[in-house]
Asker: 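The structure that follows is given in the form of structure tokens.
The basis for the numbers below is simple: all heavy atoms, side chains too, and nothing from hydrogens, waters or symmetry mates. All ligand and atom numbering here is 1-based and tracks the order in the structure. Since we're looking at a predicted model, the values are computed, not measured.
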Amino acid sequence: MAKPKQKEFRTPRGTHDILPEEQPLWEKIQKEVKETSAFYGFERIDTPHIEQTELFTLGTGETTDIVTKQMYSFRTRGGDQLSLRPEGTPSVMRAYFEHGMWNLPQPVKLYYFGSFFRHEAPQRGRFREFRQWGLELIGEEGAVAEAEVVRVLYTFLDELGLKGVVFEVNSIGCATCRPHYRSALSNYYRSRVKGLCKDCKERFRQNPLRLLDCKEEKCLVIRQGAPQTFDHLCEHCKSHFRVFLEFLDEVGLPYSLNPFLVRGLDYYTRTVFEVFANEEVKTEPVKEEIPIEGDPVANGDDKSGSEGKTTQVPQGGGEVRRLALGGGGRYDNLAELIGGRQIPAAGAAIGIERVILAWKTGRLKLPEPQRPKVFLAQLGDLAKKKSFGLVEILRKANISVAESFGRDSIKSQLKIADKTGVEFALILGQKEALDGTAILREMSSGNQETVPQEKLVETLKKRLKR
Ligand code: AMP
């Protein structure tokens, strides 16, 4: 009987492996995340990948795209209704209440780094599992809070060497002035509903502010004449926004005003912002892990109100597009929604896969992976055993060592040593294993010397320093 065809397993759609050769870049980014967060006084928090679904329906908002279309939700065997976390802010706010952090000196400054899950159409830079670094500054009502969050993101991107980073900023007002703006928007759109896309017809009914998020060409045309938030802010919101911009000016941070930026989440109040980088995209076909079906990423996130892609032709051929790296804002309403108390807060999240994309397309120099400087080669059973122990002695002395215990021929082991690019090979044969020595071979010259095993660490340390 014919053998059944073996199933070929692949990563689920919209997810990806991070292979060993990519790890140095991920490690560099995580190191930068850690150092920048710590410098500005943000402490790390890790929350579960699963939460009660209600945390997001209440916190993120029942009518948001995330909740209505993108959450992975399920009922457990025990009957709990849970979701894979689609974003980090509600979880951090939940933890703030659960652990009584309002008793701590305010503001409480927290950061997180990890995977988030959204059932989206995978595209270049858009995944179903992606990683974010997020910052939350809870318990500060002054505009300095969001200015600080923006500053931390900028420092991080600048330290990484990303070029052309720019922030788009806006204020969407508060409970006092937003209703006026909302009704101005409704009045403007009422006579134009027919010309809107299907989703926007629904948005008009549910939350007209979200009409400004749409990227459909016909909706963008209508948006051009829409009322702008600035003209409807109350005095408090106006002065809050002015102070926020003054802080950015103080440190010379590059930003531009985008009156249509609203972001798609219910909990934002007053300040909202997004950050973009220039991404140089080659025009010749590039091998992609996942198919490109259009490219809304370059136009900002689908819930951002960012303008369409800017295209310039760089000298090397190709196209420069704007890549949405992250966003955030003030969210004074979230605490009350999920914790029952009014606590002012601001925060932001950066998409790490996007940062990596910007890094790669910017052709920045990749960090060199740490490679061992010594290779341990052995010949014969006794030498193999002795070498096995020798690895521990070298590890304790902090000398990284590569080996190939599965191979028996010295020639093939030295070939690997050569490929690994080590400076020295240590060779143990039957004779050396018996008399407690090892042959130290300098790979570049081929010079060899015999060294007693108890002197190996000392000798290697001296030689590796040169
Ligand atoms: P958000 O949490 O939606 O405000 O998104 C903040 C940032 O996370 C975005 O600007 C992106 O850089 C990144 N991001 C959001 N959704 C995705 C996704 N599906 N795939 C990759 N990155 C994402």
Side-chain angles (χ1 to χ4, degrees), residues 11-16 18 26 29 33 56 59-61 64-72 84-93 111-136 146 149-150 153 156-157 160 162 165-170 172 210 213 215 258 261-268 271-277 279 288-290 292-306 321-331 334 346-361:
T11 48
R13 190 163 148 73
T15 66
H16 64 107
I18 305 173
W26 280 84
I29 287 174
V33 158
F56 303 110
T60 310
T64 55
D65 282 355
I66 287 184
V67 169
T68 54
K69 299 184 191 154
Q70 298 171 349
M71 273 212 298
Y72 288 89
L84 288 180
R85 58 186 190 180
E87 60 144 341
T89 308
S91 304
V92 173
M93 193 52 100
Y111 85 91
Y112 57 83
F113 187 98
S115 281
F116 294 86
F117 307 86
R118 295 184 196 168
H119 193 269
E120 302 198 67
Q123 287 153 11
R124 183 183 168 80
R126 170 155 297 147
F127 297 91
R128 290 181 173 173
E129 180 187 7
F130 56 97
R131 282 100 192 142
Q132 280 187 339
W133 166 42
L135 297 156
E136 313 295 353
E146 47 265 53
V149 170
V150 168
L153 297 192
F156 165 76
L157 297 169
L160 278 181
L162 292 187
V165 167
V166 69
F167 283 83
E168 288 194 353
V169 297
N170 191 22
I172 54 169
R210 214 147 305 123
D213 278 341
K215 291 290 173 300
N258 177 352
L261 179 67
V262 287
R263 300 196 37 82
L265 309 180
D266 281 356
Y267 51 61
Y268 284 115
T271 322
V272 288
F273 54 82
E274 294 217 334
V275 54
F276 296 88
E279 182 202 16
E288 289 294 333
E289 283 162 38
I290 43 177
I292 306 178
E293 308 153 3
D295 196 353
V297 171
N299 299 336
D301 280 305
D302 40 8
K303 60 186 164 46
S304 86
S306 323
R321 294 193 276 194
R322 288 170 359 130
L323 180 69
L325 297 179
R330 171 163 287 282
Y331 51 91
L334 178 63
I350 285 253
I352 303 301
E353 277 83 357
R354 302 277 176 90
V355 170
I356 297 224
L357 201 56
W359 171 286
K360 283 185 179 163
T361 53

Asker: Tell me which part of I66 gets within contact of ligand 1: side chain, backbone, both or neither, using heavy atoms under 4.0 Å.
Answerer: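 It is neither part, as no heavy atom is under 4.0 Å.
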Asker: Residue-level breakdown please: for E120 versus ligand 1, do any non-hydrogen atoms fall below 4.0 Å on the side chain, on the backbone, on both, or on neither?
Answerer: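 Contact part for E120 vs ligand 1: side chain (C-beta onward).
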Asker: What part of E274 sits under 4.0 Å from ligand 1 if we count only heavy atoms: the side chain, the backbone, both or neither?
Answerer: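 For E274, no heavy atom sits under 4.0 Å from ligand 1.
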Asker: Considering both backbone and side-chain atoms of G327, is one of its nitrogen or oxygen atoms within less than 3.5 Å of a nitrogen or oxygen in ligand 1?
Answerer: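 No, G327 has no N/O under 3.5 Å of an N/O on ligand 1.
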Asker: To check you understand the geometry: which heavy-atom pair defines the closest contact between F273 and V169, and what is its length?
Answerer: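 Looking at all heavy atoms of both residues, the shortest contact is CB-CG1, 3.9 Å.
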Asker: What class does the angle between the rings of F116 and F130 fall in, given that below 30° is parallel, 30 to 60° is tilted and above 60° is perpendicular?
Answerer: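 Correct class here is tilted.
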Asker: Any idea which part of R354 is under 4.0 Å from ligand 1, heavy-atom wise: side chain, backbone, both or neither?
Answerer: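 The answer is the side chain.
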Asker: Please confirm whether E87 comes under 4.0 Å of ligand 1, counting heavy atoms of the residue only.
Answerer: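 Per 4.0 Å heavy-atom rule, E87 does not contact ligand 1.
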Asker: Would you kindly specify which portion of R263 sits under 4.0 Å from ligand 1, judged on non-hydrogen atoms: side chain, backbone, both or neither?
Answerer: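 Near ligand 1, R263 shows its side chain, while the N, CA, C and O stay back.
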Asker: Can a side-chain donor-acceptor contact be found between E129 and S115 if the only test is distance below 3.5 angstrom?
Answerer: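 Yes.
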Asker: Among residues at least two apart in sequence or on other chains, which ones pass side-chain hydrogen bond (donor to acceptor under 3.5 Å, both in side chains) with E353?
Answerer: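 E353: side-chain hydrogen bond (donor to acceptor under 3.5 Å, both in side chains) contacts with H16, R131.
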Asker: E136: what forms a salt bridge (Lys or Arg N to Asp or Glu O under 4.0 Å) with it, not counting sequence neighbours?
Answerer: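 So E136 forms no salt bridge (Lys or Arg N to Asp or Glu O under 4.0 Å) with any residue.
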Asker: Could you work out, for atom 17 (C) of ligand 1, the closest of F130, F117, W133 by heavy-atom distance?
Answerer: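 Considering heavy atoms of F130, F117, W133, the nearest to atom 17 (C) of ligand 1 sits in F130.
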